[in-house]
Number of protein chains: 2
Amino acid sequence: MTITTAEENYLKAIFKIAEKEGKAVLTNSIAGAMNTAAASVTDMLKRLSDKQLIKYEKYRGVALTEEGSRVATVLIRKHRLWEVFLVDKLGFAWDEVHDLAEQLEHVQGESLVDRLDTFLGHPRFDPHGDPIPDAEGRWVYRQQVRLSVLQPGQRGVVTGVDDHAAPFLQYLDQIGLGLGVELLLTARTAYDQSVQVLIGGRAEVTLSDKVAQNLFVKVS
Amino acid sequence: MTITTAEENYLKAIFKIAEKEGKAVLTNSIAGAMNTAAASVTDMLKRLSDKQLIKYEKYRGVALTEEGSRVATVLIRKHRLWEVFLVDKLGFAWDEVHDLAEQLEHVQGESLVDRLDTFLGHPRFDPHGDPIPDAEGRWVYRQQVRLSVLQPGQRGVVTGVDDHAAPFLQYLDQIGLGLGVELLLTARTAYDQSVQVLIGGRAEVTLSDKVAQNLFVKVS
DNA sequence: AAATATTTTTAGGTTAACCTAAAAATATTT
DNA sequence: AAATATTTTTAGGTTAACCTAAAAATATTT
Ligand SMILES: [Mn+2]
Ligand SMILES: [Mn+2]
Ligand SMILES: [Mn+2]
Ligand SMILES: [Mn+2]
C-alpha cells in the first residue's frame, strides 16, 4: 500500500505531538500543526485509520500504530539527513533548510536514505541539534536541559533549539550562539527571569526568558 | 502563479517531443510519453494553456511558450544535476537513478539548483551523456552520431545513449560499454546490419542494429 | 444537574488529475 | 467526393485533499 505525501506529513505531525504531549493526539492539535481546518483532519484520520497507520477513536484522539510510527520515524530520519546534506555539503545556513527538507523527505527510493546517510558519515544530529534515528529506527537521547533552568555560575554547551523558525535562528547567529558554543550563566534577573550569559568566555549578553526557554544546553 | 508537479512533467514531455520531432506536438504523443489517456492530456493542455505555458490549438497540437520552454529547461537541468549527484556522490549505477531524479527535479527552492551545480563542479553532461543546460538555460551540443552510421574501420568514443531504460544500460555494463569507452567498428553484416565492434582495443563483440542505433559516439 | 462553551464530526462543496465512453473533427482510403 | 479510419475532444465520473457551515458530542461552568 502506498502512502501519499500528505499522509506522511500528518503521520509526522502526530508523532511529534504525541512525543511532546505524551497522550492521545487530538484533532485540533493536528489542525494547528498542519495549518488545516479541523474537518480536513477528521477526513485524513479516516484514511490513515483505514490504512492501519493510526488507531482512531472518534472524539477521543489518535495514536500511531507500530507501522505508522515506523513511517514517521523514517520520515524524520530522511528530513534530518537532508538537512545535514544541505548545510554540510551545499552550504545553506541552518535557518534556510527546513522547507527544502520538508520536500526532500518525501522522495522515495530503494537505498536512497541509507546511501545519503553513508555519504554524510552517519551524522547523529541534524543542524538544529535534533537526533537522527538510525536505519533501525533507534533514537539517541541527549541529557540536555533548557538554558532557563541553569543557576548562576553553571556552565553549559549549546546542544539544540526548541524553536526552529528562521527569525530565532538568525537572532542566535547574530549574537554568536550556535551548536557547540560554550557558555556561562552569570546572573538571572528576578523581575523577568532574563539571564546574563558569557558566550565563549568573551561576549556577555542578556537573553530574555523566552530565548532561554528555547535553547537546549548540556550542563558541563 | 505556481506550477504543479504534474504540469512540470507535461512541460518536460512536450519539450522533449518537440525537440525530437521538430513540429507541433500532438495529444497522442504526449499521452504516449506520459502514460495517460488522451482525454487526460486534453484536460491538462487546457490548464497549461490558461497559464500561458503552451500555445494550444484544438486538434492541431501544442508548442511551448517562451515561459513554458524556460520551465522545461530548468526541470531538465535539475533532473540531470540530481542524476550526477546520485551517481558521483551516492554511488548509484546509471541505470538506477532515473526514477529518483524524476522526483528530485520537482523540489523547489531558492538557489538549490545552483548550489547543487557548484557542489558537483558544474558538470556539463549527466551520467547518460546528456547535456546539462547552464543557469541561463544555454545548451551544449555535441557532434555525435549513432554507432549505426559508422563505417568499418572508423573509431569512436561512446558519448551517450538514446534508450535510457535499465535493461539497455545493464546490457551495456555487461559487455563493457560505457561513456568514454573507445571503440573500433570492424565489420557490418549486410543481412541484419549488425556490427562487429572492438571495445577498448580488447574485447570484440557483435552488436545488433537496435543496439547500434541507441548508442551515440563521437567519431575520432 | 442544567446551561453553556468548546471540540469534533458530518454534510455538502471545490479543484487537480486522472478515467471510460460517446461525439466530433480531421485524415486516409477507395 | 464519399466512405471509412483515426485522432481528439467533450461529457460525465472518481479520488485525494482541502474548505465552510451546521449538527452532534463532549467538557466546563454555574
Ligand atoms: Mn514534508
Ligand atoms: Mn532540523
Ligand atoms: Mn518528474
Ligand atoms: Mn539522464
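Side chains are part of it too, since the values below use all heavy atoms of this structure and drop only hydrogens, waters and symmetry mates.
- Rounding to the nearest 0.5 Å gives a distance of 13.5 Å between CZ of B/R115 and CG of B/L120.
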Could you pull out every donor-acceptor pair under 3.5 Å between side chains of residues 211-219 of chain B and any protein atom, sequence neighbours left out?
{"from": "B/Q213", "atom 1": "NE2", "to": "B/D209", "atom 2": "OD2", "distance (Å)": "3.2"}
{"from": "B/N214", "atom 1": "OD1", "to": "B/D163", "atom 2": "N", "distance (Å)": "3.3"}
{"from": "B/N214", "atom 1": "ND2", "to": "B/K210", "atom 2": "O", "distance (Å)": "3.0"}

Pairs under 3.5 angstrom only: tabulate donor-acceptor contacts from the side chains of residues 47-56 of chain B to other protein residues two or more places apart or in another chain.
{"from": "B/R47", "atom 1": "NH2", "to": "B/D43", "atom 2": "OD2", "distance (Å)": "3.3"}
{"from": "B/K51", "atom 1": "NZ", "to": "B/T2", "atom 2": "O", "distance (Å)": "2.8"}
{"from": "B/K51", "atom 1": "NZ", "to": "B/E7", "atom 2": "OE1", "distance (Å)": "2.8"}
{"from": "B/K51", "atom 1": "NZ", "to": "B/E7", "atom 2": "OE2", "distance (Å)": "3.0"}

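- Qualifying side chain to side chain contact (heavy atoms under 4.5 Å, CB included) partners for B/A24, counting only residues two or more places apart in sequence or in other chains: none.
- For the side-chain hydrogen bond (donor to acceptor under 3.5 Å, both in side chains) condition, the pairs that include at least one residue of residues 70-87 of chain A, sequence neighbours left out, are A/E67-A/R70, A/R77-A/D114, A/R77-A/D117, A/H79-A/E83, A/H79-A/H98, A/H79-A/E105, A/E83-A/H128.
- Checked against side chain to side chain donor-acceptor pair (under 3.5 Å), B/T159 has the following partners two or more places apart in sequence or in another chain: B/Q144.
- Residue-environment remark: CZ (B/R142) exceeds the threshold of 12 foreign heavy atoms within 6.0 Å.
- For DNA chain C, the contact window with chain A, defined by any atom under 4.0 Å from a protein heavy atom, covers C/dT7 to C/dT10 in 5' to 3' order.
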Problem set entry | Base-pairing string, 5' to 3', of DNA chain D - Watson-Crick or wobble, under 3.5 Å, | interstrand | ||||||||||||||||||||||||||||||
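- Of the residues in residues 18-45 of chain A, A/L26, A/T27, A/N28, A/A38, A/A39, A/T42 come within less than 4.0 Å of DNA chain C through at least one heavy atom, sorted by number.
- The stretch residues 55-65 of chain A touches DNA chain C through A/Y56, A/K58, A/Y59, each having a heavy atom under 4.0 angstrom from the strand.
- With sequence neighbours excluded, no residue satisfies side chain to side chain contact (heavy atoms under 4.5 Å, CB included) with A/A63.
- In this structure, A/E110 places its CD atom where only 12 or fewer heavy-atom neighbours from other residues, nucleotides or ligands lie under 6.0 Å away.
- Residue pairs satisfying the ring-ring contact (aromatic ring centres under 6.0 Å, His included) criterion with at least one member in residues 1-37 of chain B, sequence neighbours excluded, are listed as follows: B/F15-B/W139.
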Please report, to 0.1 Å, the donor-acceptor pairs under 3.5 Å made by any side chain of residues 29-36 of chain B, with sequence neighbours excluded.
none

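- A cation-pi arrangement is found for A/K89 relative to A/F119, the charged atom lying closer than 6.0 Å to the ring centre and inside a 45° cone about the ring normal.
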